[in-house]
Structure formats: structure tokens, C-alpha cells
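Reminder, nothing fancy here: chain letters follow the sequence lines and each chain counts from 1. For the numbers below, each heavy atom of this structure counts, side chains included, while hydrogens, waters and symmetry mates do not.
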Amino acid sequence: MDGERSMKRRVVSAKKSAPRKKLPAKKKPVAKRPAPAKRAAAKPKLAAEPSQFATAAGGPWGKCFLPRKAGERRYWLVKSEPEVFSWDDLTAATDRTTHWDGVRNFAARNFLRDGMKHGDQVFFYHSMANPQAIVGICEVAREAYPDYTAFDPAHPGFDAESSPAKPTWFMVDLRAVDKMPSPVTLPMIKRAKALAQMALLRIGRLSVTPVTEREWRAVRALAKE
DNA sequence: GCCAACGTTGGC
DNA sequence: GCCAACGTTGGC
């Protein structure tokens with residue numbers, strides 16, 4: 001345990017959203033939402049099962065949950081804001097390894113909890129950064145286990161609905177393998193035809209996404225240009 | 001700073 | 001199950 005408290009996938013806490021625009025007049029007025037305290041106490045929805053997610057998404061991403069051939073290795077991408085936890089932070093960590101806490105999105109959690117296996121290779125992407133880019137490669141050093149930062153009321157990742165007996169959120173351990181020879185920036189990724197279907201570009205703003213073997217090779221080739 | 005995209009909540 | 005409100009992500 002290294003005692004760090006950072007959340008790799010930062011939950012921006014201080015920022016307040018701007019007020020919503022006025023709704024068109026045709027929309028009927030709706031009762032006010034309950035007070036935050038009441039909402040916080042409400043039951044969360046059940047998480048979608050990975051198979052459901054795969055079906056609903058209709059894309060190729062469900063494949064990352066399928067059984068593997070012996071020795072099959074799969075590929076992933078994780079995002080982190082370097083101001084919160086950077087590639088350099090990872091390489092400076094004990095054993096170049098850290099627990100990847102802070103994932104608080106069900107789809108991302110499913111990829112992390114049910115998809116990631118020991119030895120899988122993972123791109124490390126800097127978001128909210130200049131440049132926004134894949135900057136390194138790490139690997140899954142430990143498969144999913146409960147994200148204990150969700151149990152700590154003092155931690156920004158606290159979630160009262162998650163308990164040690166029935167954890168909602170999970171983390172893996174990631175170990176730095178190699179820095180990219182050069183950063184593969186978001187514009188480079190967007191320009192590359194081979195990467196047009198990449199989950200990074202296609203599904204929401206997930207902090208954990210699958211990468212196909214073809215995409216993996218394409219990104220690595222971009223770093224060598 | 002802006003805002004599109006998307007997830008979640010919860011009244012109905 | 002629908003959908004308005006609202007919160008967050010994260011590129012621009």
C-alpha cells in the first residue's frame with residue numbers, strides 16, 4: 001500500500017455546471033427534484049451486466065468479455081489527467097505500479113472488472129492535457145479487486161452504496177512498461193484511418209476502454225513515425 | 001470558458 | 001418505461 005489518495009479518473013469536484021438553458025415552452029413543467037440528501041440516500045440502479053452492455057452497444061466492444069484462447073493477451077486504454085496522476089507519477093511509484101482507483105462509471109467498471117486480465121497491455125492516455133496523447137504503455141499487474149477508496153468517507157471517491165461486503169467499484173494494479181517513443185496525440189489518432197473505430201473516439205468519455213490488436217499495432221506504429 | 005455528449009436520478 | 005433535470009467529461 002502506498003497510501004496515495006489520488007483518483008486516476010478525477011471526479012471534478014469543485015466545478016459547478018452552468019444553469020441550464022430555458023426549456024422550450026411546449027415542454028410541460030415537472031416537479032422539482034428531491035433535495036440532494038434524499039437523492040444521495042436513494043438506491044442506485046443495478047449495473048448493467050457486461051453481456052447486456054455488449055448487446056446494447058451493438059459494437060465490437062462486447063468481444064473483450066468473451067472467453068480467451070490459451071495465452072491470449074488483450075489490450076486496453078486508460079485515461080488520466082496528468083495534473084492528478086501522470087505517466088511520470090506511475091514510473092516514480094514503487095515497483096512502477098499503482099492501484100487504478102476512481103473509476104465510477106459502470107461501463108468502464110465492467111471493462112476493468114470483467115475484461116482486464118493479468119498481463120494485458122494498456123495504453124496510458126493523458127486527458128485534459130497539452131498534448132492530449134497516449135504517452136506510455138503499462139500492464140495489468142493485478143486483476144480487479146474492490147476499490148477501497150469508495151469506502152472512505154473522507155476520500156473524494158467515497159460512495160456510500162459501495163461496501164466491502166458488496167463492492168460496487170473495482171480497481172486493478174497497473175505497472176509501467178515503456179514510455180512511448182513519442183506521444184501519439186489525439187489529432188494523430190483522429191487522422192488515422194485504422195483508428196476510426198477506436199473506442200476512445202467512439203464510446204462516450206469512458207476512462208477505461210478496450211483496444212483491438214489492430215489498433216494497438218496502429219498506435220504503436222504512429223509513435224515510431 | 002463553452003458546450004456537446006452522455007450518464008444518472010426519480011417523478012410521472 | 002419515458003423523459004426532464006442535472007451532473008460530469010473532456011475536447012475545443
Side-chain angles (χ1 to χ4, degrees), chain A residues 6-50 52-59 61-62 76-87 100-114 123-135 147 149-150 155-162 167-171 183-192 195-211 219 222:
Chain A
S6 68
M7 308 219 357
K8 275 51 170 198
R9 173 181 174 273
R10 176 157 66 163
V11 175
V12 179
S13 48
K15 192 168 77 178
K16 289 276 185 200
S17 291
R20 293 269 146 166
K21 287 198 176 96
K22 271 283 182 198
L23 293 169
K26 63 182 178 182
K27 298 272 172 65
K28 63 175 183 252
V30 165
K32 285 204 170 73
R33 314 179 83 202
K38 186 176 175 190
R39 286 175 48 227
K43 274 279 179 196
K45 276 186 190 170
L46 281 178
E49 287 306 308
Q52 293 175 325
F53 172 74
T55 302
W61 301 295
W76 309 91
L77 179 147
V78 297
K79 298 179 188 175
S80 185
E81 300 179 31
E83 301 251 321
V84 178
F85 192 85
S86 67
W87 172 256
W100 202 258
D101 62 287
V103 172
R104 294 293 182 273
N105 171 283
F106 287 117
R109 179 207 64 181
N110 293 345
F111 287 135
L112 180 146
R113 182 190 64 181
D114 304 322
F123 283 136
F124 191 110
Y125 176 89
H126 277 167
S127 62
M128 310 292 284
N130 187 15
Q132 291 139 179
I134 294 169
V135 294
D147 181 344
T149 66
H155 195 282
F158 176 65
D159 180 354
E161 300 297 326
S162 186
T168 306
W169 306 114
F170 290 79
M171 53 191 179
V184 177
T185 66
L186 185 61
M188 291 166 68
I189 293 167
K190 286 184 170 174
R191 279 198 303 270
L195 300 177
Q197 301 303 315
M198 201 169 173
L200 171 71
L201 304 178
R202 306 286 298 202
I203 30 180
R205 287 145 184 81
L206 296 186
S207 60
V208 181
T209 50
V211 175
V219 168
L222 284 174

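Note: CG (A:Asn130) to C1' (C:dC12) measures 12 Å, nearest angstrom. Distance A:Ile134 CD1 to C:dG11 P: 12 Å, rounded to the nearest Å. Atom CG of A:Leu77 and atom P of C:dT9 are 17 Å apart (whole Å). Rounded to whole Å, atom C1' of C:dG10 lies 12 Å from atom CG of A:Leu206. In this structure, CZ of A:Arg104 is placed 12 Å from P of C:dT9, rounded to the nearest angstrom. Nucleotide B:dA5 holds its P atom 15 Å from the CG atom of A:Leu201, rounded to whole Å. Atom C1' of nucleotide B:dA5 and atom CZ of A:Arg202 are separated by 14 Å, given to the nearest angstrom. With rounding to whole Å, A:Gln132 atom CD is found 15 Å from C:dT9 atom P.
Between C:dG11 and A:Tyr125, a contact under 4.0 Å exists linking OP1 or OP2 to a side-chain N or O. Note on A:Lys79: every side-chain N or O is 4.0 Å or more away from OP1 and OP2 of C:dG11.
Distance check: A:Arg109 CZ to A:Ser207 OG gives 12.5 Å after rounding to the nearest 0.5 Å.
Checking C:dG11, C:dT9, B:dT8 against the side-chain heavy atoms of A:Arg205 singles out C:dT9 as nearest.
A side-chain donor-acceptor contact under 3.5 Å links A:Asp147 to the backbone of A:Gly102.
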Please determine whether side-chain hydrogen bond (donor to acceptor under 3.5 Å, both in side chains) holds for the pair A:Arg104 and A:Thr149, giving the CA-CA distance in whole Å, both sets of side-chain angles, and the decisive distance to 0.1 Å.
CA-CA 11 Å; A:Arg104 294 293 182 273; A:Thr149 66; 3.1 Å; yes

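You'll find the side chain of A:Phe111 reaches within 4.5 Å of the side chain of A:Ile203, heavy atoms only.
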